[in-house]
J.: 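After the structure tokens below, expect a handful of questions from me.
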2 protein chains.
Amino acid sequence: MTSKRPTIDDVARVSGVARVTVSRVLNGGPNVRDEVRARVMQAVEQLDYKVNPQARSLAGGASRLLAFVFASDPENDPNSYYESALELGALRACLALGYQVLVQNVPDQTPDYRKRVLDLITTQRCEGLILSPPYSDDVGLIQAVLAQGCKVVTVSPGGPGRGTTDGVGVDDEAGGYDLTRELLRLGHRRFGFIAGLEGHLSADRRLKGFWRALEERALGEADCVVLRGDFTFRSGTHLAPQLLDHPLKPTALVCANDDMAAGVLSAAHARGLSIPGDLSITGFDDAPVAAIVWPPLTTVHQPVKVLGQRAVELLVSRLNGVNSTPEPVFQQLKHAVVSRQTTGPA
Amino acid sequence: MTSKRPTIDDVARVSGVARVTVSRVLNGGPNVRDEVRARVMQAVEQLDYKVNPQARSLAGGASRLLAFVFASDPENDPNSYYESALELGALRACLALGYQVLVQNVPDQTPDYRKRVLDLITTQRCEGLILSPPYSDDVGLIQAVLAQGCKVVTVSPGGPGRGTTDGVGVDDEAGGYDLTRELLRLGHRRFGFIAGLEGHLSADRRLKGFWRALEERALGEADCVVLRGDFTFRSGTHLAPQLLDHPLKPTALVCANDDMAAGVLSAAHARGLSIPGDLSITGFDDAPVAAIVWPPLTTVHQPVKVLGQRAVELLVSRLNGVNSTPEPVFQQLKHAVVSRQTTGPA
DNA sequence: CCGGCAATTGGAAGCGCTTCCATGGAAGCG
DNA sequence: CGCTTCCATGGAAGCGCTTCCAATTGCCGG
């Protein structure tokens with residue numbers, strides 16, 4: 001079909017040097033005269049030569065392969081905005097850096113989830129993993145991966161993941177705090193909170209920030225009903241009634257992400273409540289859905305795509321030794337409260 | 001760090017056979033006694049041996065690598081539901097089939113988009129491509145890829161892409177038709193239609209089906225205003241006013257996908273219109289957003305995740321020779337009108 | 001009982017690249 | 001001026017696997 005692709009030997013022949021010299025040029029090695037370097041590059045150009053990554057990794061022992069691991073339940077909706085955006089950012093950074101990223105869906109309910117992640121290293125020869133929640137706080141998993149000689153960067157680690165390896169994320173605690181302050185300013189004093197899945201520690205930090213804001217106003221557990229959802233729209237609609245019918249009569253419902261907030265909003269509509277007149281609702285993430293629902297959702301923006309990008313950059317800087325600080329690096333990006341129209345005076 | 005991984009030679013030594021025999025067992029080759037096969041498998045088990053895919057592809061000339069190409073504008077939102085779901089389906093099928101898939105975002109406005117797709121083949125040694133719209137109808141691109149000896153499967157080709165290579169999709173024309181019939185049944189006679197981006201032929205087929213249903217009732221161009229959007233929520237909100245203020249006074253707005261329909265819905269809310277009392281709105285895809293907006297959106301369901309899965313299966317069956325029919329195969333999956341609450345009597 | 005054929009197994013040769021080590025010449029030093 | 005040192009380059013080995021071909025065995029009909 002295709003005439004065979006040119007190999008490094010073809011380049012060597014055309015440019016009149018040894019194969020090893022071509023390899024040096026290609027890898028930016030030292031000790032090559034400029035004149036020779038130029039000659040090789042010209043041959044590369046002329047032949048439209050591309051290195052064979054398989055051969056390179058066989059010989060060099062470096063696969064230049066990363067894996068992005070996410071946990072959504074495969075039987076449900078496709079990856080959420082959060083994961084899609086993370087992935088897109090990672091993809092883009094990889095393109096720029098000459099790495100490839102394998103996207104892997106490893107449901108965390110599966111009993112052998114750890115094995116499946118480790119298999120990425122043994123089977124696919126990945127050199128680095130990007131772990132999203134809840135894996136970003138699974139210290140046992142992270143250490144097992146590290147022990148295999150594979151680098152790890154976590155996205156939105158909530159606590160223990162933080163000290164174990166490099167990570168990126170926003171200050172979720174501050175995000176929750178800022179948002180709650182806003183609600184308090186509007187006069188709300190009775191709250192409902194829909195937290196995220198067990199084990200998603202970064203989402204729990206949002207709740208922590210919420211509590212902190214409440215305490216500053218001498219409010220506490222008696223002033224808020226807390227429920228746990230699973231980050232989906234459906235869990236928002238399912239949980240909303242329990243909050244709305246609670247004797248506490250909350251005036252504001254705070255959700256750990258936008259999808260659940262959208263679910264709550266939908267349930268509120270179904271009851272004929274006026275938003276934000278009868279009830280204020282907030283989300284977290286600033287996913288597209290936040291702008292899509294009616295009325296548009298007040299939420300906390302986090303730059304998810306950039307998070308994905310930075311994660312890869314961090315990982316690659318470890319792999320090529322640019323970054324070799326002994327202690328884990330955590331890159332914290334800025335969040336911002338986005339006040340839209342689901343929040344109003346109590 | 002890690003003790004070196006076992007190689008095929010280790011397995012050969014442990015099981016007391018030659019390396020080539022191990023290779024045969026691993027690849028399900030014929031002519032190996034059951035006793036030997038068992039012995040080898042046991043050694044594999046014992047050593048926790050995994051083939052090195054890089055070495056295999058170097059030696060065997062098969063990379064077992066596919067690429068999923070999508071076109072969303074990288075500066076905008078992350079991949080839409082349509083693309084995420086496609087990808088997830090593809091990912092899952094690959095896992096089952098022992099292939100890997102590289103996800104590639106190639107914006108189609110970029111002048112060198114064709115080169116970037118072809119580079120996937122030369123640089124990454126992909127053996128098969130999954131092309132989503134609008135690439136699925138870019139015959140020039142498809143043929144260029146095919147000419148490189150790389151297989152192609154298209155998702156939702158709208159016309160020309162169909163005869164060129166294998167594909168999967170639903171009957172978009174029938175989907176548009178069925179939906180419109182429903183609207184006609186409800187008494188609507190004046191329509192607005194927001195079509196998709198130029199070049200997305202499968203989306204245009206939805207419009208074609210719409211016209212067909214109209215013609216059956218002796219309605220035609222005079223009874224509908226057609227605008228083109230770009231599949232985003234924003235384009236729905238932007239375009240809605242032109243439709244709502246049009247002298248034709250449409251009673252139903254039909255959109256080529258759910259995101260745009262959500263945009264229209266939001267714009268309608270902003271004007272204080274009651275849905276579906278004052279206006280009916282429909283989408284297409286049955287993305288999660290269709291159930292999230294208020295009121296939930298009437299739309300046409302298509303099994304996007306399954307589409308991605310089938311695409312990979314089709315591709316792999318070509319690659320391993322299971323399918324070798326000379327003419328292109330098109331696998332058509334079923335669509336279904338989902339009547340929710342944005343449609344009512346005119 | 002023997003040539004012949006199929007079933008099983010192994011030896012050897014690479015796939016395209018990098019890494020290790022050797023070579024030759026230019027430059028630096030006392 | 002003879003020595004070491006550094007730079008630029010090449011030769012050779014080998015990464016872990018598959019594929020091609022040769023060798024060995026067992027069993028058939030004649």
Side-chain angles (χ1 to χ4, degrees), chain A residues 2-41 43-44 47-65 98 121-125 127 149 320, chain B residues 2-41 43-44 47-65 98 122-125 127 149 319-320:
Chain A
T2 323
S3 50
K4 296 234 350 103
R5 299 243 78 222
T7 73
I8 195 174
D9 286 318
D10 296 321
V11 176
R13 196 169 332 104
V14 168
S15 50
V17 299
R19 180 203 298 176
V20 54
T21 303
V22 176
S23 174
R24 261 185 214 109
V25 172
L26 261 27
N27 295 292
N31 303 346
V32 182
R33 274 182 306 146
D34 286 349
E35 187 258 322
V36 173
R37 191 180 298 274
R39 197 140 42 90
V40 170
M41 290 311 281
V44 166
L47 294 171
D48 187 34
Y49 167 79
K50 315 269 185 191
V51 298
N52 180 323
Q54 276 92 27
R56 167 179 277 173
S57 93
L58 218 211
S63 65
R64 285 175 164 264
L65 215 54
I121 309 170
T122 56
T123 308
Q124 303 300 333
R125 262 72 178 176
E127 300 177 55
N320 59 22
Chain B
T2 323
S3 50
K4 298 245 333 115
R5 299 240 80 222
T7 74
I8 195 173
D9 287 318
D10 296 322
V11 176
R13 196 170 331 106
V14 169
S15 51
V17 299
R19 179 203 299 177
V20 57
T21 302
V22 177
S23 174
R24 260 185 215 110
V25 172
L26 260 26
N27 295 291
N31 303 345
V32 181
R33 273 182 306 149
D34 286 349
E35 187 258 319
V36 173
R37 191 181 299 275
R39 197 141 41 91
V40 170
M41 290 311 282
V44 166
L47 295 171
D48 186 34
Y49 167 79
K50 316 270 183 190
V51 297
N52 179 324
Q54 276 91 25
R56 166 180 278 173
S57 94
L58 218 210
S63 65
R64 286 175 164 262
L65 215 54
T122 55
T123 307
Q124 303 300 333
R125 262 73 179 178
E127 299 177 57
L319 286 171
N320 60 20

J.: Provide, to the nearest angstrom, the distance between the CD1 atom belonging to B:I8 and the C1' atom belonging to D:dC15.
T.: 13 Å

J.: Between the protein and nucleotides 23-27 of chain D, list every N/O to N/O distance that falls short of 3.5 Å.
T.:
none

J.: How close do A:A62 and A:S57 get, counting heavy atoms only, and between which atoms?
T.: O-CB, 3.0 Å

J.: Distance-only, no hydrogens or angles: does the A:R125 side chain make a donor-acceptor pair with backbone N or O of B:P53 under 3.5 Å?
T.: no

J.: Would you please confirm or rule out a distance under 4.0 Å between OP1 or OP2 of D:dT18 and any side-chain N or O of B:N27?
T.: yes

J.: To the nearest angstrom, how far is B:D9 atom CG from D:dC17 atom P?
T.: 8 Å

J.: Which pair of heavy atoms, one from A:I8 and one from A:Y49, lies closest together, and at what distance?
T.: N-CE1, 3.4 Å

J.: Output the distance between atom CZ (B:R39) and atom OG (B:S15), rounded to the nearest 0.5 Å.
T.: 6.5 Å

J.: Check the distance between D:dC17's P and B:R13's CZ and give it to me in whole angstrom.
T.: 12 Å

J.: In whole Å, I'd like the distance from the CG atom of A:L58 to the C1' atom of C:dC17.
T.: 8 Å

J.: So, taking the atom named CG in A:L26 and the one named CZ in A:R37, what distance separates them when rounded to the nearest 0.5 Å?
T.: 10.5 Å

J.: In this structure, how many angstroms lie between the P atom of D:dT18 and the CD atom of B:Q54, rounded?
T.: 13 Å

J.: What is the distance, to the nearest angstrom, from the CG atom on A:L26 to the P atom on C:dG16?
T.: 15 Å

J.: Watson-Crick or G-U wobble partner for C:dG30, using a 3.5 Å limit on both distances?
T.: D:dC1

J.: Which residue in the set B:V40, B:L47, B:V44 passes side chain to side chain contact (heavy atoms under 4.5 Å, CB included) when paired with B:V14?
T.: B:L47

J.: Using atom types as modelled and distance alone, determine if a side-chain donor or acceptor of A:Q54 lies under 3.5 Å from a backbone N or O of B:L58.
T.: no

J.: Could you pull out every donor-acceptor pair under 3.5 Å between side chains of residues 16-24 of chain B and any protein atom, sequence neighbours left out?
T.:
unit_1, atom_1, unit_2, atom_2, d
B:R19, NE, B:D9, OD1, 2.8
B:S23, OG, B:N27, ND2, 3.4

J.: For nucleotides 8-12 of chain D, which of its nitrogen or oxygen atoms have a protein nitrogen or oxygen under 3.5 Å away, and what is each distance?
T.:
unit_1, atom_1, unit_2, atom_2, d
D:dA8, OP2, A:N31, OD1, 3.1
D:dT9, OP1, A:R33, NE, 2.8
D:dT9, OP1, A:R33, NH2, 2.8
D:dT9, OP2, A:R33, N, 3.0
D:dG10, OP2, A:A18, N, 2.8
D:dG10, OP2, A:T21, OG1, 2.6
D:dG10, O6, A:R24, NH2, 2.9

J.: Looking at OG1 of B:T123 and CZ of A:R5, how far apart are the two atoms once the value is rounded to the nearest 0.5 Å?
T.: 7.5 Å

